[in-house]
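Have a look at the structure below, then the notes.
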Amino acid sequence: MTKAVDLAAASEGVATIAEAYKEPSDKVLDPEAIEGSLLERMPTPTGWRILVLPYRGKGKTDGGIYLPDAVVQEQTVSTQVGYVLKVGDLAYKDAEKFPTGPWCEEGNWVMFARYSGSRFKIDGGEVRILNDDEVLAKIKEPEDILHF
């Protein structure tokens, strides 16, 4: 089970996003490995935007078969799940649009449309900036969502 992570309080961690993934062959994100200084170097979303680190699925099946890099890359590009790293100062402040309050906050796993947001590479990984209303759902475990 994935735990909620207080990224600001992480005292030990990694220097790059690529190192936040457990093993290169597994490519499973470990949010606890992201240290504060790396998070501070990430872009701060402005206005109603949210900074999300897309989930990378496993590079190996449960039976031990390694997936080709092309398959893993395709899953990464078409991912629909991510970890919320930062939330802009105006995100979810519109009471008319979000009468029940924020749909997500820092440290949540969320679902979003396959090609939503702006993608860019930083420190060996890809991050996305989404608008606050592009979040489709909050989820507990990213592996519960199948990626095809």
Side-chain angles (χ1 to χ4, degrees), residues 1-8 10 13-61 67-148:
M1 176 176 227
T2 305
K3 299 180 227 169
V5 178
D6 181 5
L7 295 174
V14 297
T16 67
I17 290 176
E19 293 174 9
Y21 290 92
K22 290 184 179 176
E23 291 184 30
S25 61
D26 290 340
K27 295 189 179 172
V28 176
L29 175 65
D30 181 9
E32 294 176 358
I34 301 172
E35 73 175 22
S37 65
L38 174 61
L39 189 60
E40 291 167 5
R41 292 192 327 248
M42 296 265 192
T44 300
T46 57
W48 59 87
R49 294 175 185 89
I50 301 169
L51 182 67
V52 175
L53 182 61
Y55 174 74
R56 286 190 200 172
K58 294 180 180 178
K60 183 171 63 170
T61 66
L67 299 173
D69 288 340
V71 172
V72 174
Q73 180 63 23
E74 182 180 329
Q75 287 178 349
T76 301
V77 169
S78 66
T79 189
Q80 298 165 308
V81 175
Y83 188 77
V84 179
L85 295 173
K86 293 183 179 182
V87 178
D89 56 347
L90 296 178
Y92 302 113
K93 298 292 189 219
D94 185 349
E96 224 174 90
K97 195 173 189 181
F98 306 104
T100 59
W103 292 351
C104 69
E105 56 190 32
E106 291 178 10
N108 288 152
W109 287 100
V110 295
M111 283 185 63
F112 45 87
R114 181 170 288 179
Y115 299 107
S116 64
S118 298
R119 295 181 179 95
F120 56 95
K121 300 241 182 225
I122 183 168
D123 255 345
E126 179 185 278
V127 293
R128 289 190 194 191
I129 292 186
L130 306 173
N131 291 336
D132 57 2
D133 60 355
E134 289 182 308
V135 171
L136 303 176
K138 189 165 58 169
I139 61 173
K140 292 186 187 279
E141 293 292 328
E143 293 180 356
D144 291 344
I145 308 301
L146 300 176
H147 304 275
F148 294 105

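Along the sequence shown, the residues carry numbers beginning at 1. None of the values given here were measured: they were computed from a predicted structure.
Note that the CG atom of N131 and the CZ atom of R49 stand 6.0 Å from one another [nearest 0.5 Å]. S116 contributes atom OG, which lies 10.0 Å from atom CG of D133 (distance to the nearest 0.5 angstrom). To the nearest 0.5 angstrom, L85 atom CG is 5.0 Å from L53 atom CG. Taken from CZ in R128 to OH in Y115, the straight-line distance is 9.0 Å, to the nearest 0.5 Å.
Nearest heavy atoms, V81 versus M111: CG2-CG, 4.1 Å. Here the closest heavy-atom approach between residue W103 and residue K138 is recorded as O-CD, 3.9 Å. Of all heavy-atom pairs spanning L130 and G117, the tightest one is CD2-CA, 3.6 Å. The shortest heavy-atom contact between E106 and V87 is OE2-N, 3.6 Å. The two residues F112 and G82 have their closest heavy-atom pair at CE2-N, 3.4 Å. Contact detail for V127 and P54: the closest heavy-atom pair is CA-CD, 3.9 Å.
Looking at I50 and P45, their side chains never come closer than 4.5 Å, going by heavy atoms from C-beta outward. I129 has its side chain within reach of F120: a pair of non-hydrogen atoms, C-beta onward, lies under 4.5 Å apart.
Without hydrogens or angle criteria, Y92 side chain to D132 main chain gives a donor-acceptor distance under 3.5 Å. Judged purely by atom type and a 3.5 angstrom limit, R119 has no side-chain atom pairing as donor or acceptor with the backbone of E126. When atom types are taken as modelled, the side chain of K86 and the backbone of M42 share a donor-acceptor pair closer than 3.5 angstrom.
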